[in-house]
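Notes to accompany the following structure.
Whatever order the structure lists ligands and atoms in, that order sets their numbers, starting from 1. In this text, all values refer to a predicted model and were calculated from it rather than measured experimentally.
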Amino acid sequence: MTKSVDPHTLVIFGASGDLAQRKLIPAVFDLYRGGYLPEKFALLGASRTNMTDEEFRDKVVFNNEHFDRKDCTDEQVAAYAEVLFYQDLASYDGEKDINNLGKRLKKLDKDHGVGSNYIFYLSTPPSLYSTIPPALAKAGLNQTKDGWSRLIVEKPFGYDLATAKQLNEDIQRYFEEDTIYRIDHYLGKETVQNLLVTRFANGFFEPLWNRNYIQSVQITAAETVGVGTRGGYYDGSGALRDMVQNHLLQVLAHVAMEPPIRADAKSIRGEKLKLFQSLRSIKRADVRNHVIRAQYTEGRTKGGDVVSYRDAEGVPEKSNTETYVGMKFFIDNWRWAGVPFFVRTGKCLPLKLTEVVITFKNPPQAIFSEFDNYAMSSDNRLIIRIQPDEGMALEFGMKVPGEGFRVKNVDMDFFYRDLTSNDVPDAYTRLLLDCMKGDPTLYARGDSVEAAWDFVEPILQAWKANEVPLFSYPAGTWGPLQSDALWSGVGDGWRNPSTSLTEKKHYTKL
Ligand SMILES: NC(=O)C1=CN([C@@H]2O[C@H](COP(=O)(O)OP(=O)(O)OC[C@H]3O[C@@H](n4cnc5c(N)ncnc54)[C@H](OP(=O)(O)O)[C@@H]3O)[C@@H](O)[C@H]2O)C=CC1
Ligand SMILES: O=C1O[C@H](COP(=O)(O)O)[C@@H](O)[C@H](O)[C@H]1O
């Protein structure tokens with residue numbers, strides 16, 4: 001049964017910024033026109049830029065190029081704008097400012113009957129994630145007498161293990177864990193959620209989903225874009241922090257966790273924590289053999305010519321920040337003992353795609369191998385395409401009609417678009433709705449975030465101390481050749497696919 005949404009006010013700190021304009025305000029509009037918002041609802045933008053309510057509405061609705069008006073009337077857009085308000089602040093944590101915000105919330109209740117339930121969305125620079133919650137608490141807005149208060153925290157959640165722990169501590173002092181919503185937009189992707197349905201709503205995957213039948217698992221998140229104008233932010237982060245510690249470990253958890261006893265927040269998040277705790281820590285001395293880091297040099301991608309990372313806007317000339325990570329690791333539990341997991345992500349690769357590839361073990365005896373064109377022996381794969389071209393393909397060998405027993409690999413595929421004619425909701429739309437309903441299932445829990453940081457910590461330390469080389473790769477290629485060597489002795493290789501899920505596959509065979 002789906003929960004309903006109480007009347008409430010959504011407060012967006014940093015409302016004058018890029019994220020609010022590009023993602024948040026349009027996502028709330030999707031909820032509005034989909035009929036998901038309660039009748040009594042207000043969105044209050046808050047930031048230091050001086051704006052009236054009308055100016056805010058002009059900026060984020062009427063003059064917002066990211067606002068999708070497809071299939072909606074001007075009346076709908078205008079009616080949505082009416083529930084948007086704006087409060088300017090001299091600072092985000094000043095007592096006077098937050099008290100004024102509190103007064104404004106009371107006035108919104110008085111004028112529009114929205115009650116005293118609040119969602120506070122931290123869409124500011126991360127340096128403010130620790131300072132806004134105590135300011136809210138001082139004004140009594142973290143726990144209201146006759147309502148609820150929830151806090152959404154944007155990424156990045158910490159910079160390393162120590163800062164993530166500190167941030168948890170800073171926030172949990174003022175908000176109960178079950179009211180803290182750490183956003184990871186990959187969890188809002190339908191196809192990431194579908195990993196759970198694929199595994200746990202079907203009987204036939206589960207018996208095969210373990211070390212007895214699976215030879216390796218690989219997860220790729222490839223991007224064609226470089227850092228663009230985000231060099232200033234990205235250079236302080238790098239691919240490991242930006243993509244692996246959060247998004248890709250969350251995808252991994254959906255692929256590898258044990259079946260939860262129920263599809264609720266406690267059960268699912270509990271299993272994820274266990275999975276993160278089972279990741280075999282990569283010792284600092286082993287980092288060079290398990291993790292490849294690299295940076296793109298100039299080249300050509302789908303978007304045209306690309307300057308090298310070090311020449312990108314906002315990037316220091318001698319930057320050692322990685323734009324590519326490829327890694328191999330193990331999960332120490334009964335299900336996965338001995339199965340290698342491979343994860344890679346990179347900017348300026350040939351394609352934009354995220355996918356999971358499960359490679360199954362060979363049959364115990366290759367009785368058809370004497371016939372010509374016998375399929376490669378490791379050709380049983382399940383390819384789960386997270387984006388784009390969302391869907392799945394199962395590869396297996398079939399007999400070619402005619403004499404003898406010639407085996408050819410074929411695909412059986414499913415495309416997510418065949419499931420429904422409805423547009424797949426944007427990740428932010430789904431995640432915001434869940435928070436409004438008070439359901440944190442698709443948000444990261446504090447202990448899991450720390451466990452994920454714990455796993456990447458030795459890698460960060462080895463890199464910081466320059467104990468391992470930083471390789472390079474030309475923009476528009478599948479990353480450094482050294483990354484292929486991670487597969488040595490495993491038998492498969494990185495799948496470097498074409499855009500279509502079912503087009504001819506490419507593996508970097510060793
Ligand atoms: N943009 C994106 O696509 C994504 C962003 N995020 C995260 O979301 C958060 C917001 O991102 P985004 O909107 O891009 O960021 P912005 O840089 O656009 O900042 C948001 C707002 O914060 C205020 N601000 C900026 N710098 C400072 C400062 N030094 N001190 C105080 N206030 C400041 C500004 O408002 P004002 O000056 O009016 O107060 C600004 O409009 C960030 O933490 C980012 O990491 C996460 C995923 C994607
Ligand atoms: O969080 C981030 O994700 C995007 C990639 O997200 P996707 O939904 O387009 O796959 C990445 O480009 C960005 O660097 C990172 O901060």
Side-chain angles (χ1 to χ4, degrees), residues 12-27 45-51 55-56 59-60 64 66 86-94 97 101 121-132 135 152-159 167 182-192 219-251 296 303 309 312 314 321-325 345-349 351-355 385-388 390 424-431 444:
I12 301 180
F13 287 108
S16 61
D18 175 72
L19 183 68
Q21 185 144 352
R22 260 185 339 105
K23 291 284 182 186
L24 306 183
I25 308 278
S47 47
R48 296 170 308 174
T49 304
N50 227 267
M51 280 185 278
E55 285 165 337
F56 179 59
K59 178 179 165 69
V60 298
N64 184 355
H66 306 288
Y86 185 77
Q87 174 75 28
D88 51 5
L89 309 165
S91 81
Y92 285 89
D93 45 10
D97 288 300
L101 185 89
Y121 197 122
L122 305 186
S123 177
T124 62
S127 52
L128 294 167
Y129 296 171
S130 280
T131 64
I132 295 176
I152 302 184
V153 189
E154 252 305 335
K155 68 168 278 202
F157 198 90
Y159 180 74
L167 183 53
R182 296 171 193 79
I183 208 157
D184 183 316
H185 79 277
Y186 265 59
L187 291 176
K189 290 183 192 282
E190 281 290 331
T191 41
V192 173
I219 301 175
T220 293
E223 294 188 84
T224 49
V225 292
V227 285
T229 52
R230 292 174 71 222
Y233 152 76
Y234 193 86
D235 201 63
S237 170
L240 188 70
R241 290 185 174 95
D242 190 46
M243 290 294 291
V244 178
Q245 182 277 335
N246 40 32
H247 308 321
L248 297 188
L249 289 186
Q250 288 291 343
V251 173
Y296 66 82
Y309 174 70
T321 298
E322 80 289 355
T323 59
Y324 174 98
V325 186
T345 183
K347 300 266 187 210
C348 284
L349 299 187
L351 289 177
K352 165 80 180 165
L353 99 156
T354 305
E355 69 175 20
R385 183 62 73 87
I386 306 286
Q387 62 181 16
E390 292 84 353
V424 174
D426 180 73
Y428 276 95
T429 308
R430 168 66 198 262
L431 292 173

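Scanning the protein for heavy atoms near atom 3 (O) of ligand 2, the closest one is H185 CE1, 3.4 Å. The nearest protein atom to atom 10 (C) of ligand 1, hydrogens excluded, is given as S123 O, 3.3 Å; this is a heavy-atom distance. Closest to atom 18 (O) of ligand 1, if we only count protein heavy atoms, is D18 N, 3.1 Å. The protein heavy-atom contact nearest to atom 10 (O) of ligand 2 is Y186 OH, 2.5 Å. The single protein non-hydrogen atom nearest to atom 7 (P) of ligand 2 is K352 NZ, 3.4 Å, given as residue, atom name and distance. Scanning the protein for heavy atoms near atom 38 (O) of ligand 1, the closest one is T49 OG1, 2.5 Å. Here the protein heavy atom with the shortest distance to atom 48 (C) of ligand 1 is L19 CD1, 3.9 Å. When only non-hydrogen protein atoms are considered, atom 8 (O) of ligand 2 lies nearest to K189 NZ, 2.6 Å.
Ligand 1 is approached by Y92 to a heavy-atom distance shorter than 4.0 Å. A heavy-atom separation below 4.0 Å is found between R22 and ligand 1. Ligand 1 has L128 within reach: a non-hydrogen atom of the residue lies less than 4.0 Å from it.
Counting atoms of ligand 2 from 1 in the listed order, those under 4.0 Å from a heavy atom of E223 are 5 (C), 11 (C), 12 (O). Atoms of ligand 1 found under 4.0 Å from any heavy atom of P156 (numbered from 1 in listed order, with element): 45 (O). Remark: ligand 2 atoms within the under-4.0 Å shell around heavy atoms of Q387 are 7 (P), 10 (O). For ligand 2, the atoms lying closer than 4.0 Å to a non-hydrogen atom of H247 are 1 (O), 2 (C), 3 (O). Interface atoms of ligand 2 facing D242, defined by a heavy-atom separation under 4.0 Å, are 13 (C), 14 (O), 15 (C), 16 (O). With ligand atoms numbered from 1 in the order given, ligand 2 contributes 13 (C), 14 (O), 16 (O) to contacts under 4.0 Å with heavy atoms of R230. When each atom of ligand 2 is checked for a heavy atom of K347 under 4.0 Å away, the hits are 11 (C), 12 (O), 13 (C), 14 (O).
An N or O contact shorter than 3.5 Å links T124 to ligand 1 by distance.
Side-chain contact, Y129 with E154: no donor N or O sits under 3.5 Å from an acceptor N or O.
The distance from atom CG of D242 to atom NZ of K347, rounded to the nearest 0.5 Å, is 5.5 Å. If you take CZ on R182 and CG on L187, they are separated by 12.5 Å, rounding to the nearest 0.5 Å. Rounding to the nearest 0.5 angstrom, the gap separating the CD1 atom in I152 from the CD1 atom in I183 is 5.5 Å. Distance CG/L122 to NZ/K155: 16.0 Å, rounded to 0.5 Å.
Geometrically, K189 engages Y186 in a cation-pi contact defined by less than 6.0 Å to the ring centre and at most 45° from the axis. Judged by the 6.0 Å and 45° rule, R48 forms no cation-pi pair with Y92.
Of the listed options K155, M51, Q21, R48, R48 places a heavy atom closest to atom 30 (N) of ligand 1. Nearest-heavy-atom check against atom 6 (N) of ligand 1 across E154, H185, R230 picks out E154. Nearest to atom 40 (C) of ligand 1 by heavy-atom distance, out of P125, A90, S16, is S16.
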Does the side-chain contact (heavy atoms from CB on, under 4.5 Å) test come out yes or no for I25 and I12, once each step is laid out?
CA-CA 9 Å; I25 308 278; I12 301 180; 4.2 Å; yes
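Ring planes of Y234 and Y309: perpendicular class, angle over 60° (limits at 30 and 60°). Using bins of under 30°, 30° to 60° and over 60° for the plane-to-plane angle, the ring pair H247/H185 lands in the perpendicular bin.
Counting heavy atoms closer than 4.0 Å to ligand 1, residue Y233 contributes nothing at all. Residue Y129 touches ligand 1 through its side chain alone, judged by heavy-atom distances below 4.0 Å.
Side-chain contact between S16 and M51 is present, with heavy atoms from C-beta onward closer than 4.5 Å. Side-chain contact between D184 and F157 is absent, with no heavy atoms from C-beta onward closer than 4.5 Å. With contacts defined as side-chain heavy-atom distances shorter than 4.5 Å, the pair T323/C348 does not qualify.
Among all heavy-atom pairs drawn from A239 and Y324, the shortest one is CB-N, 4.1 Å. The shortest non-hydrogen separation linking D235 to T321 is O-OG1, 2.8 Å.
Distance screen at 4.0 Å: atom 15 (O) of ligand 1 has no protein heavy-atom neighbour inside the cut-off.
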